[in-house]
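Here is the structure we will look at, set down as structure tokens.
Read the numbers this way: they start at 1 and go in the same order the structure lists the ligands and their atoms.
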Amino acid sequence: MSRKDESAKSGRSVSDVGVASSSTLFHLLADFLFKFLVIGSAGTGKSCLLHQFIENKFKQDSNHTIGVEFGSRVVNVGGKTVKLQIWDTAGQERFRSVTRSYYRGAAGALLVYDITSRETYNALTNWLTDARTLASPNIVIILCGNKKDLDADREVTFLEASRFAQENELMFLETSALTGENVEEGFLKCARTILNKIDSGTLGLFQRYVSAVLSAFLTCPVCGPLSRRAGPRENGLGDPVRRRVPEAAADTQRNGHAQQAAVQLLVTGAAPASARKPTRTRPPPQVSGRPRNLGPRREGGRSLQTRADSAFLSSSSRCFAHLLRGGGGWAPASGQAAPPTARPDGTLQKRRPLPQLRLDHGRSRALFASLTIRPRKRENQGDSAEARLPLPLETPTTWSARSQSSVPPAEAPPLCGSLTAGRHDPGQSRANLLLTSTSRSVSMRSSSQNIC
Ligand SMILES: Nc1nc2c(ncn2[C@@H]2O[C@H](COP(=O)(O)OP(=O)(O)OP(=O)(O)O)[C@@H](O)[C@H]2O)c(=O)[nH]1
């Protein structure tokens with residue numbers, strides 16, 4: 001069995017670029033995608049931990065990381081399939097500005113120190129501050145005291161580290177990348193905590209998910225695909241290719257720009273009234289009280305959904321593949337329901353809340369975006385609703401599209417829609433996100449056209 005086949009089967013992948021289609025399909029099945037960081041001082045064993053987690057073996061010849069390296073693995077946590085997208089950052093001070101630009105959108109982090117080096121332990125506060133400031137104050141962090149196998153040379157006791165963890169609301173484990181002890185447990189514990197937070201509603205998964213996918217992979221129309229130009233490279237065999245410093249520095253600049261300019265979709269609270277655009281309603285059903293099945297809106301002879309799907313399936317670009325593998329689900333967004341409206345018979349018609357979306361175009365003014373949301377064909381039982389929202393994107397924009405369905409919220413038909421964002425130049429960058437919302441969950445597929 002080839003290495004790629006093995007990776008696909010196990011869900012492990014350090015080579016996240018250009019994997020086989022079986023692997024792509026495997027990754028598509030993931031319910032969640034979490035961006036993870038591995039941070040900490042140089043020489044603490046971050047790369048070895050990542051390698052142990054991905055490859056299940058100790059990395060013998062570990063050199064200093066230059067910039068960042070990347071690995072991914074699909075794991076099963078509490079019956080859910082989670083794709084962990086892990087960014088191993090350089091611990092050396094001179095790469096701090098490079099690595100900081102990768103923090104954004106991270107849902108979890110392994111904060112690593114070396115139990116045989118007090119210096120690395122003393123630096124933890126700085127790393128922690130960076131993570132909470134640059135990634136998110138809600139980032140789930142597990143403190144890992146690595147090199148547990150070198151207990152005889154220990155400079156940091158288990159007790160003081162666990163006290164530090166407690167004081168700073170961190171989980172804590174001592175690990176050994178050499179023996180593999182607690183390595184898997186560290187990553188899984190972090191993922192499990194994130195999932196628990198999502199389940200309990202304390203973490204906006206939608207926001208995390210989309211921000212992770214888009215900030216990591218969506219292409220900046222000006223700079224090109226982040227995954228190809230600005231991301232860390234890999235040699236396709238598992239080991240990321242180490243990069244020359246000037247190259248990494250140049251990428252930081254591009255990456256920063258790309259992250260700023262990439263369209264970011266964030267579900268937020270209620271949209272300000274000024275940001276809402278009126279939705280277009282279709283006439284009520286005509287056929288003997290039964291709703292008319294209007295089917296998906298058609299454009300140029302093909303439904304938007306079909307068009308997005310075909311782009312989704314046919315793309316062969318690498319950044320596209322990244323987007324696809326990000327496909328998964330996230331928790332329902334808590335959009336505000338519109339106030340009920342009165343029906344002709346005097347009864348009140350409740351409106352089902354829909355996700356609200358926020359687009360932040362960063363510095364790029366050439367971006368455009370439009371969102372279409374409508375009931376899904378299969379269960380199109382109410383009035384058809386369609387919201388098409390061209391977005392000038394002069395400023396970060398928040399808007400919502402509301403169902404015009406006349407059926408009660410519990411029976412409201414699921415909706416689907418697509419978001420198109422890109423540059424106006426013909427043939428230039430364009431990305432479609434296919435959104436599907438059911439009454440219980442929202443899922444997203446991403447696709448892109450001409451993006452590379
Ligand atoms: N004994 C022992 N050595 C380890 C362990 N983990 C890493 N090392 C060694 O520690 C050294 C540094 O490991 P790396 O993984 O490169 O450290 P890093 O944190 O990624 O370093 P930077 O990339 O510079 O940030 C290497 O010589 C590893 O062999 C461990 O668990 N036990």
In terms of its nearest heavy atom to atom 6 (N) of ligand 1, the top option of Asn63, Asn146, Thr44 is Asn146
Does any N/O atom on Gly45 come nearer than 3.5 Å to any N/O atom on ligand 1?
-> yes
Minimum-distance pair of heavy atoms, taken over all atoms of Leu84 and Ala191 | CD2-CB, 4.1 Å
Best match, Asp88, Asp149, Ile115: closest heavy atom to atom 1 (N) of ligand 1 | Asp149
Is Phe58 in polar range of ligand 1, meaning some N or O pair under 3.5 Å apart?
-> no
Is any NZ, NE, NH1 or NH2 atom of the basic residue among Glu160 and Arg118 found under 4.0 Å from an Asp or Glu carboxylate oxygen of the other?
-> yes
Of the choices Cys144, Gly91, Ser47, Gly180, which has the non-hydrogen atom that lies closest to atom 20 (O) of ligand 1?
-> Ser47
Under 3.5 Å: N/O of Gly43 near N/O of ligand 1 | yes
Test item: Asp88 side-chain N/O and Glu69 main-chain N/O as donor-acceptor pair under 3.5 Å = no
So, Thr44 and Thr120: side-chain donor and acceptor under 3.5 Å apart, yes or no?
-> no
Is the number of heavy atoms from other residues, nucleotides or ligands within 6.0 Å of CD (Glu155) greater than 12?
-> yes
Knowing that exactly one of Val38, Thr175, Val75 qualifies, which makes a side-chain contact (heavy atoms from CB on, under 4.5 Å) with Phe53?
-> Val75
Could you tell me which non-hydrogen atom of Lys46 sits nearest to which non-hydrogen atom of Thr89, and how far apart they are?
-> CE-O, 3.0 Å
Hey, are Asp153 and Thr116 close enough side-chain-wise for a donor-acceptor pair under 3.5 Å?
-> no
Under 4.0 Å from any heavy atom of Lys46, which atoms of ligand 1 are there?
-> 15 (O), 17 (O), 18 (P), 19 (O), 20 (O), 21 (O), 22 (P), 25 (O)
Counting each atom of ligand 1 from 1 as listed, which ones have a heavy atom of Ser41 under 4.0 Å away?
-> 19 (O)
Report, in ascending order of atom number, the atoms of ligand 1 lying under 4.0 Å from any heavy atom of Ser176.
-> 31 (O)
Nearest non-hydrogen contact to atom 24 (O) of ligand 1 from the set His64, Lys59, Glu181, Lys148 belongs to His64
Between the candidates Ser117, Ala42, Ser62, Ala177, which shows the shortest non-hydrogen contact distance to atom 14 (P) of ligand 1?
-> Ser62
Identity of the nearest option to atom 4 (C) of ligand 1, non-hydrogen atoms only, from Glu69, Lys147, Gln60, His51 | Lys147
Where on Leu178 is there a heavy atom closer than 4.0 Å to ligand 1, on the side chain, on the backbone, on both, or on neither?
-> both
For Leu150, atoms of ligand 1 separated by under 4.0 Å from a heavy atom = 1 (N)
Of Ile54, Leu37, Leu49, the residue whose pairing with Ile86 passes side-chain contact (heavy atoms from CB on, under 4.5 Å) = Ile54
